[in-house]
Every structure is written in structure tokens, then in C-alpha cells.
Peer 1: 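Mind looking over this structure? Questions follow.
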Amino acid sequence: MDARDKFTLGLELPTDPRWVNIAEKNIRAILVDHAYCEQKAASSCISLIVAYPEKDKLVEVLTPVVAEEWSHFERVMQALRKRGYSLDRPRKDVYVERLFQVSRKGGSRTEQLLEKLLMNALIEARSCERFKLLWKHIPDPELSEFYYELMVSEAGHYRNFLQLAKEYIPADDVMQRWRELLQEEALIMQQLDVRDDRMH
Ligand SMILES: [Fe+2]
Ligand SMILES: [Fe+2]
């Protein structure tokens, strides 16, 4: 992995460069959407721990990730409050809905685990790539620093999910499905509108 790719994590399609320019002008909506992303990240880890309690490594690795995602949520809420904004009602998350549509349904419990871990890894990878853009382009130094920190943190989570997949499923199978999903994700990104009020 060279330095340039360090925080794009194998994604097939870089974010449309227009996104960060319009997003930075609508930071309120971006913060609200981001708060929900952190909430969903925490709840997704809890769901995995609840669904696979016998998988020691998964429970061990994901328990601190829940706390970390929840602290991200808390910090985004602080950033909102500081600006006089509030959380507001959740919006439709088309990106995650579209990803869910391409995830394989059914199969064995282990096959389902692979799908879930890789979906989480994908969302972490894309979030990380977007935080990198926000870090570099947001003029507010405090927010920019926060996004840098999140970029590093979500890159760690991405690695956690991929490593966990390899813990329970043969590495070749993991990487084959991962490459398929990277392509699906790129297609989804290509088809989605570039929006100023969404993290993805
Ligand atoms: Fe997070
Ligand atoms: Fe994360």
C-alpha cells in the first residue's frame, strides 16, 4: 500500500471531487448525517456481538469498537450543539440501503457473518476516504482535526472487520467476495447523486 492509497483502502472509485466543495458549505446537514452514521456504526457492532456471542475474537475486537463509535457520536453531537444545531429526524440512507440490496441473503450463518463483516468494512473504508477529504478541505481547524482523527480511527475499524472475516472464513474466499463487493460499491457510488447533505 503506498502513501497515496493509505486512506482509500482499496476502493475502486474515488469520491467525486465536487462532493467536498458542496459539503463544506452545508456543514450542518453533514454533521447531522454524520451523527447518524456513528450511531449506526455503534449499533451495527452491537448487533454482531449479540448475534455471534460464541465467537470470542469477534466479541473481543468489536466491544471496544462500540465504545469508540459511541464516543464519535458524542463528539459529533458536541460539534452540532456548539453551533446551535440539533440532531433532527434521521434521513433516508440511500448508500447503505443500496449496499444492503447487493449483500447476499440467506446461506449459512458463517456466510451471513462474512457478508455482514464485509458490509461494515466497506462502509468504514468509504467513510475513511470521505473523512480524508473533509480533513483536507474544511477550513475550520477544529473540525478539520476531528476529521483527521476519524479518518485514522475508521481505517483501524476497516482493518478490524477484514481481519475478523479472515478469522472465521478462509482468506481466499474473503478476498474474492471483498473484490466483488468493492466493484458493487463503486457502481453504487457512480449511480448516486453527489449530495451536499450526506456523508456518502
Ligand atoms: Fe466512527
Ligand atoms: Fe468506524
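Both counts, for ligands and for their atoms, begin at 1 and track the order of listing. What you see is a predicted model, and the numbers here were worked out from it, not measured in a lab.
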Peer 1: Suppose we only allow N, O or S atoms; which atom of E38 ends up nearest to the Fe ion (ligand 1)?
Peer 2: OE1

Peer 1: Between R179 and E184, is there a side-chain N and carboxylate O pair less than 4.0 Å apart?
Peer 2: no

Peer 1: Less than 4.5 Å apart, side chain to side chain, heavy atoms only: is that true for E68 and H157?
Peer 2: yes

Peer 1: With a cut-off of 2.8 Å, does any N, O or S atom of H72 fall short of it relative to the Fe ion (ligand 2)?
Peer 2: no

Peer 1: How close do W135 and Y147 get, heavy atom to heavy atom, and via which atoms?
Peer 2: N-CB, 3.8 Å

Peer 1: Would you kindly confirm whether V102 and M175 end up in one hydrophobic cluster when ILVMFWY residues are joined by side chain heavy atoms under 4.5 Å apart?
Peer 2: yes

Peer 1: I'd like to know if the Fe ion (ligand 1) has an N/O/S atom from E68 within less than 2.8 Å of it, counting both backbone and side-chain atoms.
Peer 2: no

Peer 1: Could you identify the N, O or S atom of H157 positioned closest to the Fe ion (ligand 2)?
Peer 2: ND1

Peer 1: So, 2.8 Å as the limit: is an N/O/S atom of E154 located closer than that to the Fe ion (ligand 2)?
Peer 2: yes

Peer 1: Provide the atom name of the closest N, O or S atom of E69 relative to the Fe ion (ligand 2).
Peer 2: OE2

Peer 1: Does a side-chain heavy-atom distance below 4.5 Å link R198 with W19?
Peer 2: no

